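Okay, structure first, notes after.
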Amino acid sequence: MKSPVRPVSSMLRDVTARPRFGCKGPLAEAWLHELGLFVPQASNSWSCERGDILLARLATSEFLVESLAPEHAQIRNIAASLLDPAQRRPGLVPVPRQDLVLELAGAGADGLLLETCNVNFAPLALNAGACAGPVVLTQMVGVGLTVIPRRADGEVSYLIWCDPSFGHYLRSTLAGIADDMIRSASS
Amino acid sequence: MKILTCPINGPRPITEFAYGGELREMPDPARATDAEWTDYVFNRNSVPSTKCEWWCHTSSGVWFIAVRDTASDVTLRTFLYARSAGGAP
Amino acid sequence: MNRLAARPGEWIDRSQRIAFSFEGHAHHGYQGDTLTSALIASGVRTLGRSFKYHRPRGALSVANHDANAIVQIRRAGRSIPNQRADLLPIAEGLEAFAVNTQGGLARDRRRHLDRLSAYLPVGFYYKAFHSKRLFPYWERLFRNLTGLGAVDLDAPRVVTPKRHEFADVAVIGAGPAGLAAAVAAADAGAEVVLVDENPRIGGSATYALASETASAQRVADLIGSVTSHPRIRRFVTTVATGLYADHLLALVTQDRLLKLRAGSVIIAQGAFEQPAVFRNNDLPGVMLASGAQRLMHRYAVAPASRVGILGANVHAYRAALDARAAGIEVSVLLDLRERPGPQSLPLAETLRAQGVRVLNGTGVYAAHRGGSGDIDSIELAEWREGAWRRSSANAIAVDGLWMSVGFAPADALLRQAGAVVQYDARACQFVPGVLPPGLFACGKVNGVFDLDARVADGQRAGTAAALHCGFESRSCFGVGAPDQETATHPYPIVEHPEGMNFVDFDEDLQLKDFANAVQEGFDNAELLKRFTTVGMGLSQGKHSNANALRVLAQLRGMPLDSIAQTTARPMFQSVPMSHLAGRGFSPERRTPVDADHESLGAVWMPAGNWRRPAYYRRDRLTREESIAAEVRALRGGIGLIDVGTLGKIEAHGSQAGEFLDRVYTGHFGSLKVGMTRYGLMLDESGVIVDDGVIARLAPEVFYFTTTTGNSAALFRELVRLATWWRMPVSLVNLTGHFAAFNLAGPRSREALARLTSLALDDAAFPYLGVREAKIANVPARLLRVGFVGELGYEIHVPSGSAAEVWNAIRTAGADFGITLIGVEAQRMLRLEKAHIIVGQDTDGLTNPFEIGADWAVKMDKPFFIGQRSLAIIAKNAPRQQLVGFALEPGRYAGIRECHLVIRDGDIAGRVTSVGQSPTLGRTIGLALVTPAAARDATLSIRIDGGAQVAAPIVPLPFYDPAGARQRIDSGGARS
């Protein structure tokens with residue numbers, strides 16, 4: 001995970017290296033406010049009010065905060081503080097997010113989702129914006145994951161978070177499917 | 001394939017869920033006789049009826065109760081089990 | 001050649017001529033031809049041999065509603081069995097052969113089975129082959145005689161993707177009713193998917209209404225509305241084979257399976273034309289009138305030159321007019337009805353005016369075979385004394401006979417979805433009655449046959465289906481007028497003393513087979529189906545089930561509506577196995593340093609859905625020697641095991657300790673911060689389900705491990721328990737997000753000291769303690785545990801930093817000869833300490849008392865899962881007990897896990913773990929045995945082959961009983 005962004009195939013980029021953290025617990029939301037972060041209220045929703053930080057509410061009360069830029073000192077420092085036992089706060093539960101994170105975009109992205117996921121993303125992508133949208137917790141190719149559709153400049157892209165132990169499997173399976181799709185489209 | 005509606009994540013195919021057994025009251029272990037306790041542990045009522053069941057949406061970890069008619073396999077409604085006094089899970 | 005002049009709307013492209021071969025003979029056709037149409041155009045009438053009697057067969061439905069023409073094809077170097085000639089498009093260089101023949105179609109050596117038919121009645125195989133001695137002979141014989149097609153063992157594995165699709169309204173069938181339904185639903189605002197198995201939409205209207213220009217125009221207008229509608233997507237050459245719960249449709253295309261989820265579904269799949277039953281109704285040249293019309297209108301092929309038509313509806317008359325328009329002579333039109341209906345009457349007049357003989361109240365008694373093997377004449381039948389009997393009229397010469405005596409609804413998907421059908425005596429067919437919510441039917445499948453009525457029926461269904469999804473239509477549609485005349489004859493079935501009057505062409509079932517079956521007592525539809533196999537052939541009853549039910553009703557003297565039909569199940573049309581298999585996903589989990597294991601010579605093994613190194617390959621050593629070397633290296637110095645597959649969970653909150661007290665059998669609320677304790681978990685019946693180590697990192701933070709295979713399900717169950725008990729405990733599943741390494745061996749502390757500034761002496765970091773510190777500058781949790789029985793530390797770090805920590809450990813340990821340890825060595829190390837593995841040394845019934853884990857069970861707690869059951873179990877005599885055994889040094893004796901312990905001729909238990917211990921130089925093992933066996937001096941173990949091995953029982957653990965190795969003091973300050 002040395003280079004910041006690695007192309008996996010023409011449709012997929014590996015953005016695991018970006019700083020991120022997760023948290024939950026009774027004091028999590030208040031703590032995020034203290035940090036100056038905007039927390040969306042609706043279940044399964046995300047927003048990036050500042051443009052460079054994405055904050056997602058997963059289900060009802062778990063949060064994922066991710067830098068949309070390759071580097072973000074503030075996010076990285078917060079993530080480190082959550083792992084520091086000396087800075088433990090009762091009521092604030094750190095969720096160390098070591099996920100594999102992929103970005104799916106471009107022609108064929110929707111087709112890849114149709115092949116692998118039983119959620120209908122078309123209406124969700126329509127409702128997504130550049131700064132807010134829905135969070136989808138579902139499965140693809142047999143693995144549970146978190147999907148966030150974003151629509152910016154008319155283009156739709158999908159961020160996908162996956163348990164890192166499934167990382168190799170997910171990356172190679174999706175890349176294989178993407179390559180098959182590209183190959184059969186050109187033949 | 002059957003669709004089940006998670007109270008938080010909405011309608012999804014049944015493959016995204018795990019079944020957690022019928023919602024049943026546990027008898028007080030201190031007061032139950034051996035026979036009553038054994039009946040609770042091993043016996044289930046399989047007569048077709050409307051049952052309250054535990055279901056988990058595995059991708060999100062959300063547990064909820066589904067009220068299901070086991071004869072017609074129609075789910076009448078789904079809802080979150082009452083939250084604890086302390087709040088967040 | 002039987003090709004007609006070009007006609008409007010034909011499906012062939014005459015500018016593209018295609019060469020292909022059938023049975024080794026060269027033929028030509030056009031782009032758009034199917035194999036059937038091209039062969040008939042070429043003058044080939046015999047397309048296959050029947051299943052049992054090997055009778056020559058020709059085209060019957062031309063629509064794959066029969067299995068007369070099944071071929072094996074060679075294409076692009078592959079040999080593919082069981083292609084349907086009615087559907088197979090011809091391609092340049094295609095080679096096709098009929099299946100089910102020996103020595104080719106023409107000279108099929110099995111054709112003589114036809115003459116043995118008296119010895120092959122229905123169900124003969126149930127009766128003739130019960131001799132045990134002869135059965136192997138019969139089985140070999142029938143395996144050679146039967147079977148369709150040949151599997152190509154060299155076929156490459158082709159991965160076929162699937163795809164999900166979504167729509168508000170799915171319309172299955174693009175005939176007039178389906179087209180109208182799609183437009184009505186889309187006009188109301190719904191997103192519509194229209195599915196049809198043919199390459200073009202229009203359904204039967206593309207061939208059945210050619211003689212009526214106004215109707216043809218109406219259909220063309222409908223097609224135009226559909227193709228230009230922005231909310232209608234068309235899936236052609238797509239077969240809907242299954243309708244599953246909540247409107248999930250399985251659609252099969254040439255290259256993949258589609259899973260279409262719809263808000264509502266409209267079935268407009270039409271009806272299957274049914275054959276008449278009379279002697280020799282299976283001769284080449286005898287076909288359904290709709291089949292003849294498909295040939296004439298879609299492919300411009302004349303199926304005959306002098307045809308007889310047997311009918312009981314207006315469609316027969318239209319087919320006769322089509323024949324005349326194509327230049328085919330119509331020798332006679334036989335109408336089973338005494339009087340033609342109001343639609344047929346004017347057409348009868350037109351035909352008579354053209355010189356065609358039209359006879360009422362007359363049928364076919366038998367067809368006759370000419371020298372070529374095809375039909376050459378028909379004997380007539382008339383209704384006399386309650387049955388069809390031979391008429392005294394002369395036979396009529398024909399070279400083809402077209403039947404249009406009735407239809408059966410294509411309602412399989414409706415019935416799969418639970419629709420109840422009922423018999424409509426006026427229409428003489430089953431029609432849908434009560435439909436489940438969101439499911440609609442229209443058109444011929446709904447018993448509506450006239451064009452205007454079908455269109456109206458489709459509009460009604462489309463509007464209702466759209467409304468079901470929340471789209472309201474601004475238009476209002478009424479119900480169409482009832483059909484002017486019935487399309488189906490109630491009993492087009494003629495007995496004949498010499499038989500060969502076929503009801504099911506796929507299975508070679510004659511009329512008398514049904515009488516025999518009923519006589520033997522198989523007299524309801526389900527039993528009749530299984531005994532005769534009617535409807536179980538390749539066309540799944542499309543042309544046979546309706547007549548079979550009529551015959552059954554007549555034999556039983558019962559009305560048709562009292563006969564329950566057989567259950568309809570997916571799939572309705574055959575699907576290639578590759579489509580169902582798809583890509584075959586097998587999710588596999590890997591630890592963060594998986595690539596290192598690979599490059600260091602790991603031999604992999606599955607552990608749950610993870611992969612783990614079983615051992616690391618060593619030059620010139622066998623597997624056993626490598627594993628033994630790893631065991632010795634750890635006990636003698638220092639070893640490193642990747643234990644990252646363990647489940648890892650955090651519990652937070654003021655009630656976290658109390659929660660763990662309820663879940664595990666031990667005391668955890670009172671566990672001190674900075675210490676760990678072994679945790680045993682039971683289910684409500686007192687059976688062991690998991691174990692692990694629980695560490696208290698802070699007053700409100702616990703970190704604990706679970707077994708590898710159980711981690712996901714266990715985490716889910718813990719969340720459920722916290723919810724059910726209404727306890728405010730936050731649970732985090734860190735299994736994949738944390739890596740874990742076990743650094744163990746007498747030199748492990750020295751190596752660890754090089755990586756951290758944490759004080760490691762016993763006072764600062766005692767056995768069973770837990771500390772948080774930085775290892776190679778990475779925040780880590782260190783647990784002093786003793787699973788392998790040596791001084792050791794389990795180091796847990798976030799996965800993202802795992803590789804650097806792993807490398808740092810290996811570097812620091814290099815000076816001490818650090819060795820990588822795989823799963824096999826780890827299992828031996830723990831066995832030497834008699835540490836159990838849940839699920840191997842315990843089974844689905846093992847309670848803690850049976851494995852000597854009483855010490856871990858604190859019955860004085862207010863509550864824990866399984867406690868009440870243990871109180872009951874403790875009152876009973878123990879069922880079994882875990883004991884250890886060891887053979888004399890050097891003796892192996894071939895004992896393996898699950899070998900049985902025998903005592904007094906009875907099973908007294910089994911071996912759960914066993915292996916050759918390099919540390920002790922002898923075979924050691926654990927066994928769950930009866931208390932009586934446990935009291936003996938030796939166990940008698942039955943090994944492969946039946947020999948009994950005497951294994952002395954020894955006290956546990958085998959190695960270091962005092963546990964001194966785990967608690968080695970540093971003997972001084974850290975280095």
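Note that these values count all heavy atoms, side chains included, but never hydrogens, waters or copies made by symmetry. Each chain gets a letter, A, B and so on, in the order its sequence line appears, and its residues count up from 1. Note that this is a predicted model, so its numbers are computed, not measured.
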**Report entry** Interface moiety of A/D180 toward chain C, non-hydrogen atoms closer than 4.5 Å
**Finding:** side chain
Query raised in the report: So what's closer than 4.5 Å to chain C heavy atoms on A/I177: side chain, backbone, both or neither?
Result: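 Its backbone and side chain both get close to chain C.
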Among [options], which residue forms the greatest number of heavy-atom pairs with chain A at distances under 4.5 Å?
| options | answer |
| --- | --- |
| C/R163, C/R781, C/K259 | C/R163 |
| C/K162, C/R583, C/K774 | C/R583 |
| C/L734, C/L697, C/T645 | C/L697 |

Over all atoms of both residues, closest heavy-atom pair of [X] and [Y]:
| X | Y | value |
| --- | --- | --- |
| C/E700 | A/G91 | OE1-N, 4.5 Å |
| A/V93 | C/S730 | CG2-CB, 3.6 Å |
| C/H652 | A/P94 | CE1-CD, 3.9 Å |

Requested in this report: Among A/G142, A/G167, A/P85, single out the residue with the greatest number of heavy-atom pairs under 4.5 Å to chain C.
Outcome: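 Top option by heavy-atom pairs under 4.5 Å: A/P85.
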Requested in this report: Tell me, out of A/E62, A/R97, A/M181, A/E115, who's got the most heavy-atom pairs with chain C below 4.5 Å.
Outcome: A/E115
Query raised in the report: Around C/R75, counting heavy atoms of other residues, nucleotides and ligands shown, do more than 12 lie under 6.0 Å from its CZ?
Result: no
Query raised in the report: Within a radius of less than 6.0 Å around CD of A/Q41, do more than 12 heavy atoms belonging to other residues, nucleotides or ligands occur?
Result: yes
At a 4.5 Å cut-off on heavy atoms, which part of [X] comes close to chain A: side chain, backbone, both, or neither?
| X | result |
| --- | --- |
| C/S586 | backbone |
| C/D594 | neither |
| C/P798 | both |

Report task. Check each of C/R589, C/E588, C/H737 against A/S165 using the side chain to side chain donor-acceptor pair (under 3.5 Å) test, and report the only one that passes. Result -> C/R589
Report task. Evaluate the side chain to side chain contact (heavy atoms under 4.5 Å, CB included) criterion for residues C/V701 and A/R88: first the C-alpha distance (whole Å), next the side-chain angles of each, then the deciding distance (0.1 Å), finally the verdict. Result -> CA-CA 9 Å; C/V701 183; A/R88 228 169 232 142; 3.8 Å; yes
Query raised in the report: Donor-acceptor pair, C/H164 side chain versus A/V119 backbone, under 3.5 Å?
Result: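 No; judged by distance alone, with no hydrogens or angles, the pair does not exist.
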